[in-house]
Amino acid sequence: MYKINEDYLKLQGSYLFSTIAKKVNAFAQENPDKKVIRLGIGDVTKPLAPAIISALHNAVDEMGNAETFHGYAPDLGYEFLRNAIAKNDYQDRGCKIEPDEIFVSDGAKSDSGNIQEIFAKDNVVAICDPVYPVYLDTNVMAGRTGAFDEAAQNYKGVIYMPCRAENDFVPEMPKENPDIIYLCFPNNPTGAAITKEQLQVWVDYANKIGAVIIYDAAYEAYITEENVPHSIYECEGARTCAIELHSFSKNAGFTGLRLGYTVVPKDLKCNGVMLHSLWARRHGTKYNGAPYIVQKAGEAVYSEEGKKQLKEQVAYYQKNARYIFDHLKSYGYEVYGGVNAPYIWLKAPNNMTSWEFFDYLLEKANVVGTPGSGFGKCGETYFRLTAFGSYENTVEAMERIKTL
Ligand SMILES: *Cc1c(COP(=O)(O)O)cnc(C)c1O
């Protein structure tokens with residue numbers, strides 16, 4: 001008789017977003033006259049920019065013509081896109097990354113989940129707490145952790161790196177040496193950024209202890225401050241210790257279109273074996289590439305027109321983020337993030353738990369956010385608001401919170 005992968009049974013239910021939906025629906029049903037404003041969403045709301053739409057239309061027409069039809073894409077992705085990425089995201093910023101070190105994919109969620117496959121099962125993983133749950137859950141599924149410890153509220157065998165106000169939500173080096181370190185900056189959910197000097201310390205540490213850093217740069221486009229790195233490869237020595245994940249979701253609105261990429265430098269080697277070869281093999285065996293049409297849309301992200309339009313789009317969300325940050329602060333809230341990220345992370349007032357504040361905010365202001373405790377133990381008593389709503393709703397939500 002067959003057996004299931006019992007590591008899946010270790011997974012904790014992800015009740016966060018379904019619980020939120022249930023509570024919001026119940027409230028809306030009991031209060032049909034009240035307009036609920038949702039600032040909990042982690043999805044963009046603006047439509048695709050005209051330059052991207054135009055590239056999509058052209059690519060669709062190409063697919064209908066025998067001379068310009070495209071079938072299976074090359075394993076690593078089309079060269080036109082990898083060249084544009086290498087130039088714009090790396091070489092123009094002084095980072096030495098070549099087009100053949102870039103693997104185009106359908107997004108950073110799948111890559112951040114799949115990348116662990118190329119590492120041995122007995123590697124010790126370090127994650128931030130709170131965290132984007134994909135890094136942790138995919139390692140649980142792969143059997144790289146022990147069981148979930150109810151009392152401690154964490155998985156055995158995982159190194160949790162607390163990110164709290166006291167350390168500006170940037171983790172400290174763990175006491176025990178990890179093998180695989182997941183970092184995401186600017187961060188979801190805390191909205192925190194890391195300075196180049198702080199990231200350099202992590203790169204030096206990883207090189208010294210022989211660890212690999214998996215660096216999620218999904219929110220790179222939201223950086224507004226000078227000393228915050230857009231890529232880990234801005235740090236010296238990162239080519240020998242870091243893999244970087246990118247997404248077109250948050251900078252260009254591709255959440256429904258699906259496109260991302262992963263960088264594996266050829267200098268990244270474990271006992272002489274290039275991780276690049278392993279990831280290339282994995283990609284080639286298990287994946288047949290992002291659609292040609294979508295890769296053409298991705299190329300348009302780097303056109304002059306595309307860059308200009310997307311800068312405006314990101315600026316719209318950045319304006320919402322600053323609006324929330326500044327207003328909550330002026331109302332006396334303890335508030336973080338928002339400057340280099342579309343997320344605002346605030347401390348629930350009056351010693352409320354994350355869920356108590358959720359209920360309070362829904363009840364009194366009819367505003368929906370995300371309880372910080374849903375992202376990990378250290379997220380308890382914190383709360384996440386996002387900048388992905390409309391400006392009008394953002395302003396109205398702050399007006400309502402002001403009166404609490
Ligand atoms: C949204 C997000 C991603 C991007 O996911 P896609 O699959 O590319 O849409 C990756 N990492 C984090 C932390 C995110 O919040």
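Counting convention: from 1, in listed order, for ligands and their atoms alike.
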Between ligand 1 and the protein, tabulate every N or O atom pair separated by less than 3.5 Å, reporting distance only.
residue: ligand 1; atom: 7 (O); partner: Ala108; partner atom: N; Å: 3.3
residue: ligand 1; atom: 7 (O); partner: Lys109; partner atom: N; Å: 2.9
residue: ligand 1; atom: 7 (O); partner: Arg258; partner atom: NH2; Å: 2.6
residue: ligand 1; atom: 8 (O); partner: Ala108; partner atom: N; Å: 2.8
residue: ligand 1; atom: 8 (O); partner: Ser247; partner atom: OG; Å: 2.6
residue: ligand 1; atom: 8 (O); partner: Ser249; partner atom: OG; Å: 3.4
residue: ligand 1; atom: 9 (O); partner: Ser249; partner atom: OG; Å: 2.6
residue: ligand 1; atom: 9 (O); partner: Arg258; partner atom: NH1; Å: 3.0
residue: ligand 1; atom: 9 (O); partner: Arg258; partner atom: NH2; Å: 3.4
residue: ligand 1; atom: 11 (N); partner: Asp216; partner atom: OD2; Å: 2.6
residue: ligand 1; atom: 15 (O); partner: Asn188; partner atom: ND2; Å: 2.8
residue: ligand 1; atom: 15 (O); partner: Tyr219; partner atom: OH; Å: 2.6
residue: ligand 1; atom: 15 (O); partner: Lys250; partner atom: NZ; Å: 3.4

State, to 0.1 Å, how close Ser112 and Thr138 come at their nearest heavy-atom pair, and which atoms those are.
O-OG1, 4.1 Å
Can you list the steps and then say if Phe148 with Val140 is a side-chain contact (heavy atoms from CB on, under 4.5 Å)?
CA-CA 9 Å; Phe148 190 75; Val140 174; over 6 Å; no
Compile the donor-acceptor pairs under 3.5 Å between side chains in residues 50-63 and protein atoms, sequence neighbours left out, one pair per line.
residue: Asn58; atom: ND2; partner: Ser54; partner atom: O; Å: 3.4
residue: Glu62; atom: OE1; partner: Tyr292; partner atom: OH; Å: 2.9
residue: Glu62; atom: OE2; partner: Tyr292; partner atom: OH; Å: 3.1

Is the CZ atom of Arg38 crowded by more than 12 outside heavy atoms at less than 6.0 Å?
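Atom CZ in Arg38 is not crowded, with 12 or fewer foreign heavy atoms closer than 6.0 Å.
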Compute both the distance and the angle, then confirm whether Lys250 meets the cation-pi test with Tyr222: under 6.0 Å from the six-membered ring centre, within 45 degrees of the axis.
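Ring-cation test returns no.
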Side-chain donor-acceptor pair under 3.5 Å between Thr195 and Asn227, yes or no?
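Side-chain D/A pair, Thr195 to Asn227: absent.
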